[in-house]
Amino acid sequence: MGEGENLMGKIHSHEITPEHIYFSRRKFIAGMGALVAGTILSSACRPQKITPEGTGFCAGAAASASTDELGAKLTPCNDVINYNNFYEFSFDKEDVGDAAKNFKTSPWTVTVGGMVNKPRTFDIDELVRRFSPEERIYRMRCVEAWSMVIPWLGFPLGKLLKEVEPQSRAKYVRFETLYNPEQMPGQKIDLLAWPYVEGLRLDEAMYNLTILSTGLYGKPLPAQNGAPVRLVLPWKYGFKNIKSIVKIDLVEEMPVSTWAVAQPQEYGFYANVNPEVDHPRWSQASERRIGELARAKTLMLNGYGNEVAQLYTGMDLTKFY
Ligand code: MTE
């Protein structure tokens, strides 16, 4: 994908590739090895009413409404699955789906441990059966100033964390993506500190809006969107929404995330969507909604301020960005 126009309208160079990665892109492409063939997870989810037309994954895509609660239109299914950030597979957003098509996501387990009374390894199919993922239509605002509105299927992360009984010393939750360079060719290149790591404060993780997603548009997650299980929390920039999680640890110290290692001045731990705090290289006041022509104003905490602002009472959000 080059700079300039694409089928979804005007794009800015920063939307394509962060600068430090851009210069190493050829190295990345050179390192793309063969992918291990595998099967795609097919756990059951309950579609509701059929909305958009589509082919392939998007045939029979289902959502219960055509907008979110604030009236923003759902991003068409085809855009949700064809414009992705998943650097383990490709740095080209429109290439991720193809690069991830043989990613083996079954069987899959998530190990939850650290400062908990009952550490445990969960089978993802068992979690899906037990926790019955439900639809949550959330906005996702990427730090690169584009956004989508996505009907996720998921269950509150807090439900899972309660089962392992966090100890009182635990203050943060640390998440890790699968490390498997044979399947994820991007991990053969040293541009990011693999595996991808993200973190939340424990109260953010326990908050009801924070979900582990296992599907979208009424179907199990496609590989490019983080199959079989990824984090989704709508008031933070998209990079917090770590994909293909295999490990969750309750910890005392603030986890250091992959992006904070790469560029600490650009990717803060909190990463709360904030139109008043610009990115060092561009404004965060507005966003390009994928699939639409007009730009939208970015809302404080991505429009979820009524619910989550109280998590940050007394904190200077320009300092804790
Ligand atoms: N998780 C992993 N493991 N690797 C990644 O490269 N990219 C992040 C996040 N989760 C990423 C990840 C970024 S930058 C964004 S914007 C969202 O995933 C994109 O999610 P989507 O492709 O489902 O829209």
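First listed ligand is number 1; within each ligand, the first listed atom is number 1. In this text, all values refer to a predicted model and were calculated from it rather than measured experimentally.
With 3.5 Å as the limit, one finds a donor-acceptor pair spanning the side chains of Q167 and N117. Counting only N and O atoms by type, the side chains of N84 and K93 include no donor and acceptor under 3.5 Å apart. Side chains of R230 and S213: a donor-acceptor N/O pair is absent below 3.5 angstrom, by distance only.
For E69, the CD atom is loosely surrounded, since the number of other residues' heavy atoms within 6.0 Å does not exceed 12. Within a 6.0 Å radius of CD in Q265, other residues, nucleotides and ligands contribute more than 12 heavy atoms.
Atoms of ligand 1 found under 4.0 Å from any heavy atom of M140 (numbered from 1 in listed order, with element): 19 (C), 20 (O), 21 (P), 24 (O). Of all the atoms in ligand 1, the ones that sit under 4.0 Å from a non-hydrogen atom of I242 are 1 (N), 10 (N). Near T177, the atoms of ligand 1 lying under 4.0 angstrom from a non-hydrogen atom of the residue are 3 (N). Within the listing of ligand 1, atoms 21 (P), 22 (O), 23 (O) sit less than 4.0 angstrom from a heavy atom of N84.
Scanning all protein heavy atoms for the shortest distance to atom 8 (C) of ligand 1 gives Y196 OH, 3.4 Å. Of all protein heavy atoms, the one lying nearest to atom 4 (N) of ligand 1 is E88 OE1, 2.8 Å. For atom 10 (N) of ligand 1, the closest non-hydrogen atom on the protein side is N241 O, 2.9 Å. Looking only at protein heavy atoms, the nearest one to atom 17 (C) of ligand 1 is G238 O, 3.5 Å. Of the protein's non-hydrogen atoms, Y87 N, 2.8 Å is the one closest to atom 6 (O) of ligand 1. Looking from atom 16 (S) of ligand 1 to the surrounding protein, the closest heavy atom is C142 SG, 3.2 Å.
Close N/O approach between W152 and ligand 1 is not found [any backbone or side-chain N/O within under 3.5 Å]. The N/O atoms of K243, backbone and side chain alike, include one that comes under 3.5 Å of an N/O atom in ligand 1. The shortest N/O to N/O separation between W259 and ligand 1 does not fall below 3.5 Å.
Between the K243 side chain and the Q224 main chain, a donor and an acceptor come within less than 3.5 Å of each other.
Ring geometry for Y267 versus F239: interplanar angle over 60°, hence perpendicular rather than tilted (30 to 60°).
Residue-ligand proximity: R230 is placed with a non-hydrogen atom under 4.0 Å from ligand 1.
The two residues F89 and P185 come nearest to each other via the heavy atoms CD2-CD, 4.2 Å.
Of the candidates L178, L192, N85, N85 brings a heavy atom nearest to atom 19 (C) of ligand 1.
No continuous path of hydrophobic side-chain contacts links V143 to V277 [ILVMFWY only; heavy atoms under 4.5 Å].
For the pair R130 and E163, the salt-bridge criterion is met [side-chain N within less than 4.0 Å of a carboxylate O].
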